[in-house]
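I have placed the structure first, in the form of structure tokens, so that the comments after it can refer back to it.
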Amino acid sequence: MPTAVLTDRERTAVQAYLRLLHTVRAAFDEGRPAPPGPAVLPVVPPSVLAEAEVALERAGWAGNEESFFRMVREWCPEG
């Protein structure tokens, strides 16, 4: 299957999604010791989430399309 060249907007959306994914993974990193006191869920910075939402919208995606995830896999196979 030939690999299509991503448009600038598609590339921006994929990169923003991967930054969001890596931010979430880092926030839930199991390697860190739990802080004392009540459990606090990690929060993804609103700017990271907003960046991904805007980039997906500009590329014409909702972020759940198979074609989008195919591009993510091609861009970053371990992502």
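None of the values given here were measured: they were computed from a predicted structure.
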Query - Point-to-point distance, once rounded to the nearest 0.5 Å, from CG of Leu56 to CZ of Arg9 - result: 12.5 Å
Report task. Quick one: pull up CD in Gln15 and CD in Glu51 and give me the separation to the nearest 0.5 Å. Result -> 9.0 Å
Query raised in the report: Crowded around Arg19 CZ? As in, over 12 foreign heavy atoms under 6.0 Å?
Result: yes
Requested in this report: Check the surroundings of atom CD in Glu57: do more than 12 heavy atoms from other residues, nucleotides or ligands lie under 6.0 Å from it?
Outcome: no
Query raised in the report: Closest approach of Ala52 and Ala16, non-hydrogen atoms and distance?
Result: CA-CB, 3.8 Å
Requested in this report: May I ask whether Leu49 and Val54 are part of the same hydrophobic cluster, defined by side-chain heavy atoms of I, L, V, M, F, W, Y residues being less than 4.5 angstrom apart, directly or through others?
Outcome: no
Query raised in the report: Considering only heavy atoms from C-beta outward, does the side chain of Met71 approach that of Tyr17 to under 4.5 Å?
Result: no
**Report entry** Any side-chain heavy-atom pair of Asp8 and Arg11 under 4.5 Å
**Finding:** yes
